[in-house]
Enquirer: 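Submitted below is the structure of interest, expressed as structure tokens.
Within every chain, numbering begins at 1; the chains are lettered A, B, ... in the order of the sequence lines, protein sequences first and strands thereafter.
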Amino acid sequence: DTGVSQDPRHKITKRGQNVTFRCDPISEHNRLYWYRQTLGQGPEFLTYFQNEAQLEKSRLLSDRFSAERPKGSFSTLEIQRTEQGDSAMYLCASSLPGSEKLFFGSGTQLSVL
Amino acid sequence: DAKTTQPNSMESNEEEPVHLPCNHSTISGTDYIHWYRQLPSQGPEYVIHGLTSNVNNRMASLAIAEDRKSSTLILHRATLRDAAVYYCILIMYSGGGADGLTFGKGTHLIIQP
């Protein structure tokens with residue numbers, strides 16, 4: 001399977017703990033995107049990278065959130081001091097250079113107790 | 001990205017055609033109309049896109065109004081596997097790739113056997 005891969009698929013944590021998610025984009029896709037989706041809503045844009053550079057961050061990305069893509073390949077999204085309101089599906093997507101077509105992974109479902 | 005308006009939900013019978021409408025009255029001349037769908041427990045997947053002319057692919061057809069203020073996604077023969085949330089999104093092409101998609105709530109398509 002050469003699609004976008006996200007790990008883990010599910011994460012349960014206690015409030016106040018830190019969590020980290022990983023996304024492996026499709027090979028040769030230079031853009032990588034993070035989205036968050038809560039029940040009944042469409043995905044909300046968080047941030048995106050072009051290669052290793054983080055080009056845009058949504059105001060939804062509070063200072064407890066940090067995303068990295070150090071070598072322009074896989075990316076990590078870390079949430080520090082998790083809150084119950086962080087419970088959501090975190091989706092990763094990637095795209096080819098110059099393409100407006102995004103390919104999404106299956107997401108990481110985070111539950112904060 | 002310009003705003004789109006879609007019905008919250010629609011219901012159809014299996015093996016019948018489905019017409020999913022989208023209004024985008026503030027569309028600009030450089031906005032492309034994209035459709036994505038999201039199956040249960042999965043990330044969104046690209047369906048089709050167009051600018052002015054009607055488009056067909058193996059998944060669906062896209063009919064675009066002459067004034068481009070509305071469009072319709074057509075599933076010619078719906079199956080139970082087409083039950084999903086369908087998102088209509090406008091993207092301004094810059095040539096550099098997508099800065100990120102803005103999703104609304106989409107249309108929840110229910111297929112009755």
Enquirer: What do you reckon, is CG of A:Leu39 surrounded by more than 12 foreign heavy atoms closer than 6.0 Å?
Expert: no
Enquirer: Provide the closest heavy-atom pair for A:Arg9 versus B:Ser41 in the form atom of the first, atom of the second, distance.
Expert: NH2-O, 3.6 Å
Enquirer: If hydrophobic clusters are built by linking Ile, Leu, Val, Met, Phe, Trp and Tyr wherever their side-chain heavy atoms come under 4.5 Å apart, do B:Val47 and B:Ile111 end up in the same one?
Expert: yes
Enquirer: Please flag which part of A:Gln37 lies under 4.5 Å from any non-hydrogen atom of chain B: side chain, backbone, both or neither.
Expert: side chain
Enquirer: Side-chain heavy atoms under 4.5 angstrom apart, residues restricted to Ile, Leu, Val, Met, Phe, Trp, Tyr: same cluster for B:Val55 and B:Ile33?
Expert: yes
Enquirer: What's the separation between atom OH in B:Tyr32 and atom CD in A:Glu100, rounded to the nearest 0.5 Å?
Expert: 8.5 Å
Enquirer: Which heavy atom of A:Lys101 sits nearest to which heavy atom of B:Tyr46, and what is that distance?
Expert: CE-CD2, 3.2 Å
Enquirer: What option among B:His34, B:His108, B:Gln38 has the most heavy-atom pairs under 4.5 Å with chain A?
Expert: B:Gln38
Enquirer: Are B:Met10 and B:Met59 grouped together when hydrophobic residues (ILVMFWY) are joined by side-chain heavy atoms under 4.5 angstrom apart?
Expert: yes
Enquirer: Between B:Tyr36 and chain A, with a heavy-atom cut-off of 4.5 Å, which part of the residue counts as in contact: side chain, backbone, both or neither?
Expert: side chain
Enquirer: Can you tell me how far apart CD1 (B:Ile91) and CG (A:Leu102) are? Round to the nearest 0.5 Å.
Expert: 7.5 Å
Enquirer: Using non-hydrogen atoms and a 4.5 Å limit, figure out which bit of A:Gln41 sits close to chain B: side chain, backbone, both or neither.
Expert: both
Enquirer: Counting only heavy atoms from other residues, nucleotides and ligands, does the tally under 6.0 Å from CG of B:Asn8 exceed 12?
Expert: no
Enquirer: Measure from the side-chain N and O atoms of A:Tyr33 to the backbone N and O of B:Leu101, and report whether any donor-acceptor pair falls under 3.5 Å.
Expert: no
Enquirer: Please determine whether the number of non-hydrogen atoms from other residues, nucleotides or ligands lying under 6.0 Å from atom CD1 of A:Ile12 exceeds 12.
Expert: no
Enquirer: Verify the neighbour count for atom CZ of A:Arg15: are there more than 12 heavy atoms of other residues, nucleotides or ligands below 6.0 Å?
Expert: no
Enquirer: Is it true that a side-chain atom of A:Tyr35 and a backbone atom of B:Gly43 form a donor plus acceptor pair closer than 3.5 Å?
Expert: no
Enquirer: Please check if atom CD in A:Glu78 has more than 12 non-hydrogen atoms from other residues, nucleotides or ligands closer than 6.0 Å.
Expert: yes
Enquirer: Relative to chain B, which segment of A:Leu91 carries a heavy atom at a distance below 4.5 Å: side chain, backbone, both, or neither?
Expert: side chain
Enquirer: Which atoms form the tightest heavy-atom contact between B:Tyr87 and A:Pro43, and what is the distance?
Expert: OH-CD, 3.8 Å
